[in-house]
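In what follows, chains carry the letters A, B, and so on, assigned in the order in which the sequence lines appear, proteins first and then strands, with residues in each chain numbered from 1.
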Amino acid sequence: MRYSLAHIPTLKEAPKDATTVSHVLLLRAGYIRMVGAGIYEMLPLGFRVLSKIANIVRSEMDRSGAQEVLMPALLPREYFEETGRYTLYGDVLMKLKDRKGGEYHLGPTHEEIITDMVRRDVKSYRQLPLNLYQVQTKFRDEPRPRAGLLRCREFTMKDAYSFDATEEGAFKSYEAMRETYHRIFKRLGLDYRIVQADSGAIGGKTSAEFQVLAQSGEDAIVACGSCDYAANVEVAATNPPPAHVGAVPAMEKVETPGKKTIEAVSEFLKVPATETIKALFFRVVWADRVGHALAFVRGDREAHEVKVQNALGALEVVMGSADEAFGVGLFAGYIGPQGLDATKLEILVDREIATGAGFVAGANEKQHHVKHAVFGRDFTGKVVDLRKVVDGDACPSCGKELKTYRGIEGGHIFVLGTHYSSKMNATFLDVEGNAKPFVMGCYGIGVSRLVATAIEQNHDADGIRWPMTIAPYQVIVAAAGKEDDLRAAAESLYEGLRARGVEVLLDDRDERPGVKFKDADLIGIPLRVVVGKKGLAEGKVELKARTEKDALLVPTGDLVDLVVKKIEAAGVRLLPPT
RNA sequence: CGGGGCGUAGCGCAGCCUGGUUAGCGCACCAGACUGGGGGUCUGGGAGUCGUGGGUUCGAAUCCCGCCGCCCCGACCA
């Protein structure tokens, strides 16, 4: 491509609404433009990168034996009604009506549609397993779109769905996808971790997230430096605490006037926070009712709400107010685990408390606490892991230190089981002739999100630094002057590279060299070839990698071969034009 | 949905508090000249429903009310 004919509208200044690195650079370097909140158009460079990522995903999916399909984005209401998700998704669905008043929505994901596709034509276990995928535009009315392509209301997603006859088969399909995702993320040149994750309300039993490490990530994850344990903090565990051995004095009530916080109580009673119990009061929404719960963690710990929610099997948990607590007979600041009525409240006890020695806790009486409260002896409750894992906690798998990171969810794989197939009556006949629901899995990759994610990981003060595999062009060739011989040499290198199948951008604009360098760095082309006066006189041209400080002087005749070698070394196979 | 901020040329901003000729600046854009290895200089030029609707006023970008849009934090989020 000739730069003079290309549409690459770079900006010196970033629009003020952009704050995230990738958002700023995508706008400045002329890859995308905003049309509305969470709605973007892909300019030529943006579309090239998006297509490259999509094609890497496609080639690995195909290699795994999956087949590409294309489902509609415009969906009649009935499909999501079949599984109850029309209401469950609620406002996230982009809803619309046709001229006859028929109700539709734009697809946020396609489990129902694919299940319908399969139930129509797949009747026998002999037709299984099956893995179908698509690369398609999804629509979700996010409560808060943000950070450019990182969280959009319209975005490109690769969604795959596997259908198996048995649970074991489904796990095999899941494992195959995990391997495929590894290959994909490696080819994309991203630094990622595969982490255990919460499956969400409908996820099913097994799931894993492919988290790309980045400061701007919305997700907190923990990973072990010594082994391959990694998890989203929503579900991350730490080594189980050792059980306390030895006698503990009898529980005793003490007066603690006005001491409502852990800090105040531990100072007043001269007891470290590690020997106190913190009470957390929640309002809980289950599928069939609403109620309250108390969660108890050690005074110096934080509980993670998702863990509380999962332990309760709830749809939603919200911290309750002091007034609300009083309504169920609790005194905020003096709440403890003993003497509670388990019929009115769900009681969760973190395992660290269940195995610990005696603790200071609220007495469930104004202005009083108790000392030496022991689980099993003085109080009871459902023992679960509630605590939020923090930097330095022990790895549950090897015991070494865990570290916390920010991550961007680039992919998520699930074993769904028969959740959708049984609701939608999607069955096949097994060897014995019995109708059985398909055992499903689903696998997503946020293709457009990965465009931004790659930039979050690959940039410097001057602009983007694309990995070779997804760069919009592999090389940019520029003459550092407008003399005829410089231009002619640049032209001939351009043609020589194109003949080998290299994707080249020829900066043939009548601009000063500085402008060309600035733009080349900003848009992030991995290799830059500059034809300069001095060099050309010696029969040499400059070759510089975007990630390196210095340029290499190369004999003009060797340039094409060297560039081809560098591109192929980066894992790209070049196909000369036919 | 709660909190905060913003809306003036393609982009970044000033002007608004204290209303008053033709609404300004930088970048970008067009023409010309000089220049030519890290966004160069000069001259001339084009480009604006001041988000939108209403109100106050002799007069509104500026004051008042409503609405819309956008960003950030939180809530939310397969």
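- You'll find the side chain of A:Arg193 reaches within 4.5 Å of the side chain of A:Leu213, heavy atoms only.
- Remark: A:Lys423 does not engage A:Glu82 in a salt bridge, criterion side-chain N to carboxylate O under 4.0 Å.
- Look at B:C50: it lacks any Watson-Crick or wobble partner with both distances under 3.5 angstrom.
- At a cut-off of 3.5 angstrom, the base of B:G38 holds at least one donor-acceptor pair with the side chain of A:Arg528.
- Classification of A:Asp462 and A:Arg546 as a salt-bridged pair fails, no side-chain N sitting under 4.0 Å from a carboxylate O.
- The partner of B:C70 is B:G5, by the rule that a Watson-Crick or G-U pair needs both atom distances under 3.5 Å.
- Within the nucleic acid shown, A:Gly481 has no heavy atom closer than 4.0 Å to any nucleic acid atom.
- The residue among A:Ala14 and A:Gly148 whose nearest nucleotide of RNA chain B is located toward the 5' end is A:Ala14.
- Taking a pair to require two hydrogen-bonding distances under 3.5 Å in either a Watson-Crick or a G-U wobble arrangement, B:C76 remains unpaired.
- For A:Arg28 against B:G39, a side-chain N or O and a base N or O form a donor-acceptor pair under 3.5 Å.
- Taking a cutoff of 4.0 Å between a charged side-chain nitrogen and a carboxylate oxygen, A:Glu542 and A:Lys534 do not qualify as a salt bridge.
- Taking the P atoms as reference points, B:C65 lies 15 Å from B:G5, given to the whole Å.
- For the atom pair CD of A:Glu456 and CZ of A:Arg406, the computed distance is 12.0 Å after rounding to the nearest 0.5 Å.
- Counting any heavy atom pair closer than 4.0 Å across all strands shown, A:Arg33 reaches no nucleic acid atom.
- Scanning all heavy atoms of the two residues, the minimum distance from A:Gly410 to A:Phe185 falls at C-CZ, 3.8 Å.
- Between B:C11 and B:U22, the two P atoms lie 27 Å apart (nearest whole Å).
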Set out, line by line, the N/O atom pairs under 3.5 Å between protein and nucleotides 25-29 of chain B.
residue: B:G26; atom: N2; partner: A:Glu13; partner atom: OE1; Å: 3.0
residue: B:C27; atom: O3'; partner: A:Lys12; partner atom: NZ; Å: 3.2
residue: B:A28; atom: OP1; partner: A:Lys12; partner atom: NZ; Å: 3.2

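- Nucleotides B:G12 and B:G55 are separated by 32 Å at their P atoms, to the nearest Å.
- Salt bridge present: A:Arg119 and A:Asp116 bring a charged side-chain N and a carboxylate O closer than 4.0 Å.
- Nucleic acid contact for A:Lys482: base, since at least one base atom lies under 4.0 Å from a heavy atom of the residue.
- Within the nucleic acid shown, A:Ala147 comes within 4.0 Å of sugar-phosphate atoms alone, with no base atom in reach, counting heavy atoms only.
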Could you list, one pair per line, each protein nitrogen or oxygen that sits under 3.5 Å from a nitrogen or oxygen of nucleotides 46-48 of chain B, together with the distance?
none

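- Nearest to the side-chain atoms of A:Glu142 among the listed nucleotides B:G39, B:C77, B:U35 stands B:C77.
- For the pair A:Arg528 and A:Phe517, the cation-pi criterion (under 6.0 Å, within 45° of the ring axis) is fulfilled.
- Distance CG (A:Asp17) to P (B:G10): 15 Å, rounded to an integer number of Å.
- Residue A:Asp510 is classed as a base contact, given a heavy-atom separation below 4.0 Å to a base.
- A gap of 11 Å separates the C1' atoms of B:A9 and B:C29, to the nearest Å.
- No donor-acceptor pair under 3.5 Å is formed between the side chain of A:Glu209 and the backbone N or O of A:Val195.
- Taking atom C1' on both nucleotides, B:G37 is separated from B:C27 by 23 Å, rounded to a whole Å.
- Across all strands shown, nothing is found opposite B:G37 as a Watson-Crick or G-U wobble partner with both distances under 3.5 Å.
- Residue contacts for A:Ala37: at a heavy-atom cut-off of 4.0 Å it reaches the sugar-phosphate backbone alone, with no base atom in range.
- Using Watson-Crick or G-U wobble geometry with both donor-acceptor distances under 3.5 Å, B:U18 finds no partner in any strand shown.
- A:Asp462 comes within 4.0 angstrom of nothing in the nucleic acid, heavy atoms only.
- Salt-bridge check for A:Asp159 with A:Lys138: passed, with a basic side-chain N closer than 4.0 Å to an acidic carboxylate O.
- Here the separation of B:G24 from B:G74, taken at their C1' atoms, is 39 Å to the nearest Å.
- A:Glu511 meets the side chain to side chain contact (heavy atoms under 4.5 Å, CB included) test with A:Arg509, A:Val515, A:Lys516; sequence neighbours excluded.
- Remark: B:A31 base-pairs with B:U43. Criterion, Watson-Crick or G-U wobble with two distances under 3.5 Å.
- Residue A:Arg146 contributes atom CZ, which lies 15 Å from atom C1' of B:C70 at whole-angstrom precision.
- Residue contacts for A:Val92: at a heavy-atom cut-off of 4.0 Å it reaches no nucleic acid atom on any strand shown.
- Using a 4.0 Å heavy-atom cutoff across all strands shown, A:Thr109 reaches at least one base atom of the nucleic acid.
- Nucleotide B:C25 is matched to B:G12 when pairs are restricted to Watson-Crick or G-U wobble geometry with both distances under 3.5 angstrom.
- Taking 4.5 Å as the limit, every side-chain heavy atom of A:Tyr494 sits out of range of all side-chain heavy atoms of A:Val475.
- As judged by a 4.0 angstrom heavy-atom cut-off over every strand, A:Ala18 is placed among residues making no nucleic acid contact.
- Atom CZ in A:Arg546 sits about 16 Å away from atom P in B:G38, given to the nearest Å.
- In the interface, the side chain of A:Arg151 is paired with the base of B:C77 through a donor and an acceptor atom under 3.5 Å apart.
- Nucleotides B:U56 and B:A60 place their C1' atoms 10 Å apart, quoted to the nearest Å.
- Residue contacts shown for A:Glu542 include a base, since a base heavy atom lies under 4.0 Å away.
- Among the protein residues, A:Asp91 comes within range of no part of the nucleic acid, since none of its heavy atoms lies under 4.0 Å from any strand.
- A:Leu27 comes within 4.0 angstrom of nothing in the nucleic acid, heavy atoms only.
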